[in-house]
K.L.:
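Here's a structure for you.
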2 protein chains.
Amino acid sequence: MPADRGQAAGQPTISEVAAEAGVGRATAARTLGGYGYVSPELRERVLAAAEKLGYRANKLARSMSTGVSHTLGVIVADIGNPFFAGVVRGICDTSRARGFDTIVLSTYEKLEEEVAAVNVLLDKRVDGVILSSAAVGKDEVAHIRAATQRVPVVLVDRAVAALDLDTVVIDNRDAAREAVETIIAAGHRRIGFVWGPPMARPPATRRELLAEAARNLWTDGERLRGYLDALDDARIPFDPELVTVGRKTEEQATEEVGRMLAMPDRPTALFCTETDAVTGALRALRAAGLAYPRDVALVGFDDSAWAAVMEPPLTMIEQPVHELGAKAAQVLLDALEGAEPARETHTLRSRLIARASV
Amino acid sequence: MPADRGQAAGQPTISEVAAEAGVGRATAARTLGGYGYVSPELRERVLAAAEKLGYRANKLARSMSTGVSHTLGVIVADIGNPFFAGVVRGICDTSRARGFDTIVLSTYEKLEEEVAAVNVLLDKRVDGVILSSAAVGKDEVAHIRAATQRVPVVLVDRAVAALDLDTVVIDNRDAAREAVETIIAAGHRRIGFVWGPPMARPPATRRELLAEAARNLWTDGERLRGYLDALDDARIPFDPELVTVGRKTEEQATEEVGRMLAMPDRPTALFCTETDAVTGALRALRAAGLAYPRDVALVGFDDSAWAAVMEPPLTMIEQPVHELGAKAAQVLLDALEGAEPARETHTLRSRLIARASV
DNA sequence: AGCGATTCTGATACCGGTACCAGACCTGAA
DNA sequence: TTCAGGTCTGGTACCGGTATCAGAATCGCT
């Protein structure tokens with residue numbers, strides 16, 4: 001006799017329900033699965049039996065049989081980042097509303113974790129994948145390409161140039177330009193850029209910087225371009241000394257901003273491309289005995305409750321995180337329902353919340 | 001001929017690998033599954049065939065057959081809360097290290113979502129569940145009890161009195177007492193408590209407040225008790241007017257703190273039990289034209305980068321979020337590996353980070 | 001050489017669902 | 001009465017793995 005492997009204590013199966021109701025297995029399955037013909041009378045009997053036994057369909061078995069799991073896979077760079085937490089919530093809300101579960105995986109910005117995550121999702125036979133990838137170059141997208149051959153994939157927050165996929169992003173470049181324009185309008189001409197693409201040393205030229213940007217995260221590149229756009233429009237020369245260098249950590253931001261602040265012609269304004277860059281900059285400001293907006297103006301990405309309660313409150317860029325996730329889920333779900341994949345980029349608008357830091 | 005349901009484009013199965021290698025299905029399965037006997041020669045052939053076809057085991061099918069999914073289910077109250085994000089990371093890190101995947105679900109503090117989440121996880125046949133529940137009373141734990149009959153369940157962050165389960169929490173009561181003691185040591189005697197259990201109106205008595213607390217989230221109750229402990233030790237009479245009332249939102253905190261601040265004998269210190277309570281209090285302070293620590297001292301739960309960069313920096317309680325998750329995962333995994341469930345409560349220590357707000 | 005033990009293989013029956021299909025039963029029209 | 005057609009049921013073959021087991025091949029030992 002085979003052991004009762006695969007059967008947790010007393011999980012009733014459809015066969016048991018059928019036996020209890022005194023009908024065939026197929027009939028019970030049709031009733032419980034909600035497909036095919038079944039007379040009201042038998043239906044009633046089956047339902048009663050299922051109720052009595054506390055039957056719950058084994059979704060694993062169902063997925064096996066149908067090949068559909070009604071589950072979306074989500075891979076984000078860092079679930080601990082409120083930005084992604086918001087995006088995930090948007091995804092969950094809309095997919096839930098359309099009858100799909102979600103499995104969320106976080107890569108903590110590591111490409112190898114991302115590859116592993118894709119495999120986990122594929123192994124679990126999710127129906128589709130939403131991904132904010134750390135991949136950039138052609139040689140880093142093999143796992144994504146492999147995934148697209150199995151299930152629809154939509155990119156969120158970060159476009160990947162090497163890939164032609166449905167993508168949902170915000171207007172990073174415009175948002176950055178608007179922020180820097182605001183700074184310029186307040187009379188500043190020496191504007192530091194905190195958290196560009198990580199480089200070993202300051203770029204020698206603007207060209208070198210852009211080349212490096214192209215080899216890094218799409219969002220960073222876009223925000224950098226927006227910064228340069230604003231500088232160009234105002235005919236402010238680009239100074240390579242005014243962009244941070246090195247790894248993207250709060251500590252590094254503190255250090256680099258400290259370096260800028262120590263320059264004889266130090267920046268009078270700082271544009272921070274992420275929330276950790278803001279806190280890092282703030283630390284540097286304090287260390288240098290400087291205050292905003294008096295000594296230096298400050299604008300950053302990713303608004304939060306904290307930014308609003310700072311004294312003075314911070315001018316920040318608010319991203320439509322929930323909509324970003326919702327839209328991504330919608331695009332994916334539509335594709336799953338047979339809509340022709342348009343492979344287009346959906347760009348959502350962010351918003352500059354002017355407060356008192358510039 | 002049956003349609004090719006269940007089979008995504010070109011996913012090779014074990015049968016195809018077996019055919020390609022010219023061996024029986026069972027032999028291929030043994031090789032790829034890593035169990036049973038198989039000669040080096042055939043093993044080599046099978047491996048080569050699998051490689052050639054790009055075979056990946058269907059974990060769904062495997063789970064069906066073995067009844068084990070190597071997946072942990074995690075249900076937290078709000079993944080958007082950095083506290084829980086940290087806990088989740090702790091869980092993921094350790095379960096990953098021990099060969100388990102995790103499925104994370106967020107209930108956004110709604111009990112019905114929690115019930116649904118439990119069902120989703122059970123339907124997906126996870127091997128165990130880690131849960132920070134919003135349930136309190138005996139009548140709210142049916143879903144948890146049902147889950148425990150199928151798989152091991154460990155509670156994290158929030159104990160549930162009605163349940164006898166393995167539980168991993170922090171020393172909320174002690175932490176709160178220590179924080180309030182610090183405030184008292186600085187000479188304060190009128191100390192507001194921001195974000196107690198939600199009540200319609202201020203409690204008439206201390207007894208009523210405690211009764212209400214018992215009907216609410218465990219953490220809130222513990223923190224409240226710690227507050228009262230410190231008051232008692234210092235022989236400071238309890239004033240019901242000094243605890244906030246109403247729903248637990250940042251707005252409500254702002255409003256209630258505003259009310260306190262308008263009192264003739266207003267509090268000279270505020271103890272905030274959660275991060276949103278801190279930002280809410282800060283808003284109220286600003287609205288009242290008051291500054292900390294000059295006019296009122298401030299201590300709050302859940303340290304963050306922002307708290308450190310505030311001017312002046314905030315004294316906060318830091319919770320060991322990562323350890324909390326890691327420990328919970330460890331306890332669950334041990335139970336899964338057959339360790340006798342001890343059904344004990346593991347209490348982790350938090351830490352008061354003294355900065356400049358008191 | 002004979003024979004039991006050991007090594008190894010591949011049928012085959014599961015797991016718990018879904019899908020197909022043959023056929024029973026019941027109509028109603030010719 | 002017969003038969004075409006519809007309604008409804010349950011047997012059975014899947015899905016892609018794992019587990020059992022009978023038996024073939026090989027081996028060592030007397």
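Proteins come first, then strands; the chains are lettered A, B, ... in the order of their sequence lines, and each starts at number 1.
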K.L.:
For the backbone of B/R125 and the side chain of B/S69, can you confirm whether one donor and one acceptor N or O come within less than 3.5 Å of each other?
P.N.:
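The answer is yes, because a donor-acceptor pair under 3.5 Å joins these two groups.
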
K.L.:
Quick check for you: among D/dC15, D/dG10, D/dA19, whose closest atom lies nearest to any side-chain atom of A/V23?
P.N.:
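When the side chain of A/V23 is considered, D/dG10 is the closest of D/dC15, D/dG10, D/dA19.
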
K.L.:
Write down the distance between NE2 (A/H70) and C1' (C/dG17), rounded to a whole number of angstrom.
P.N.:
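The distance from NE2 of A/H70 to C1' of C/dG17 comes to 14 Å, rounded to the nearest Å.
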
K.L.:
Please report the closest heavy-atom contact between A/L122 and A/A147, naming both atoms and the distance.
P.N.:
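Answer, listing the atom of A/L122 first, then A/A147: CD2-CA, 4.0 Å.
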
K.L.:
How far apart are the closest heavy atoms of A/V156 and A/A328, and which atoms are they?
P.N.:
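Looking at all heavy atoms of both residues, the shortest contact is CG2-CB, 4.0 Å.
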
K.L.:
So that I can tick it off, tell me whether B/E337 and B/R98 are bridged by a salt bridge, with the cut-off set at under 4.0 angstrom between side-chain N and carboxylate O.
P.N.:
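Yes.
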
K.L.:
Calculate the interatomic distance between B/E41 atom CD and D/dA25 atom C1'; express it in whole Å.
P.N.:
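It works out to 14 Å between those atoms.
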
K.L.:
Which listed nucleotide (D/dG16, C/dT18, C/dA11) is nearest to the side chain of A/R62?
P.N.:
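The answer is C/dT18.
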
K.L.:
Taking 4.0 angstrom as the limit, do B/R62 and A/D123 come out as a salt bridge?
P.N.:
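A salt bridge is absent here (no side-chain N lies under 4.0 Å from a carboxylate O).
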
K.L.:
Thinking salt bridges, do A/D166 and A/K327 make one under a 4.0 Å N-O criterion?
P.N.:
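Looking at A/K327 together with A/D166, the answer is no, because their closest N to O distance does not fall below 4.0 Å.
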
K.L.:
Check every atom of C/dA19, C/dT18, D/dG17 against the side chain of A/I14 and return the nucleotide holding the closest atom.
P.N.:
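In terms of side-chain proximity for A/I14, the closest of C/dA19, C/dT18, D/dG17 is C/dT18.
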
K.L.:
Describe, as an angle rounded to 10 degrees, how the axis at the first end of the helix from C/dA1-D/dT30 to C/dA30-D/dT1 is tilted relative to the axis at the last end, five pairs per end.
P.N.:
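So the angle between the two local helix axes works out to 60°.
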
K.L.:
With a 3.5 Å cut-off and heavy atoms only, can you find an N or O donor on one side and an acceptor on the other between the side chain of B/S65 and the base of D/dG17?
P.N.:
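A donor-acceptor contact between them is present.
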
K.L.:
On DNA chain D, nearest-nucleotide positions of B/L60 versus A/P40: which is more 5'?
P.N.:
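Here A/P40 is the residue nearer the 5' end.
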
K.L.:
Which whole-number value in Å describes the distance from A/K59 NZ to D/dC15 P?
P.N.:
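Distance check: A/K59 NZ to D/dC15 P gives 23 Å.
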
K.L.:
Please name the pair of heavy atoms, one in B/Y55 and one in B/N58, separated by the smallest distance, quoted to 0.1 Å.
P.N.:
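Here B/Y55 and B/N58 meet closest at OH-N, 4.5 Å.
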
K.L.:
Tell me: CZ of A/R125 to C1' of D/dC15, nearest whole Å?
P.N.:
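After rounding, the reported distance stands at 11 Å.
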
K.L.:
In whole angstroms, how far is the P atom of C/dC15 from the CE atom of B/M64?
P.N.:
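After rounding, the gap between these two atoms is 9 Å.
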
K.L.:
Any side-chain donor paired with an acceptor under 3.5 Å for A/N119 and A/H143?
P.N.:
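Their side chains do not contain a donor-acceptor pair, so the 3.5 Å distance test is not met.
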
K.L.:
When you check the gap from the basic side-chain N to the acidic O, do B/E109 and B/R158 get nearer than 4.0 Å?
P.N.:
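Judged by the 4.0 Å cut-off on N to carboxylate O distance, B/E109 and B/R158 do form a salt bridge.
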
K.L.:
Rounded to the nearest angstrom, tell me the gap between atom CZ in A/R56 and atom P in C/dG17.
P.N.:
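A/R56 atom CZ is separated from C/dG17 atom P by 11 Å.
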
K.L.:
D/dC8 P sits how many Å from A/R43 CZ, rounded?
P.N.:
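So the CZ-P distance, A/R43 to D/dC8, works out to 11 Å.
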
K.L.:
Output the residues of residues 27-37 of chain B in contact with DNA chain C, where contact means a heavy atom of the residue under 4.0 Å from an atom of the strand; sort by number or write none.
P.N.:
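Those residues are B/T27, B/R30, B/Y37.
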
K.L.:
With respect to the side chain of B/S39, which nucleotide from D/dA19, D/dG17, C/dC8 is positioned closest?
P.N.:
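Closest nucleotide to the B/S39 side chain: C/dC8.
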
K.L.:
May I ask you to check if A/R30 and A/Y37 form a cation-pi contact, with NZ or CZ under 6.0 angstrom from the six-membered ring centre and within 45° of the axis?
P.N.:
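So A/R30 doesn't make the cation-pi contact.
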
K.L.:
Does the side chain of A/R25 get closer than 4.0 angstrom to OP1 or OP2 of D/dG10 through an N or O atom?
P.N.:
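It does not, given that no N or O in the side chain of A/R25 lies less than 4.0 Å from OP1 or OP2 of D/dG10.
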
K.L.:
Could you state the CG-C1' distance from B/L42 to D/dA24, rounded to the nearest angstrom?
P.N.:
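These atoms are roughly 14 Å apart.
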
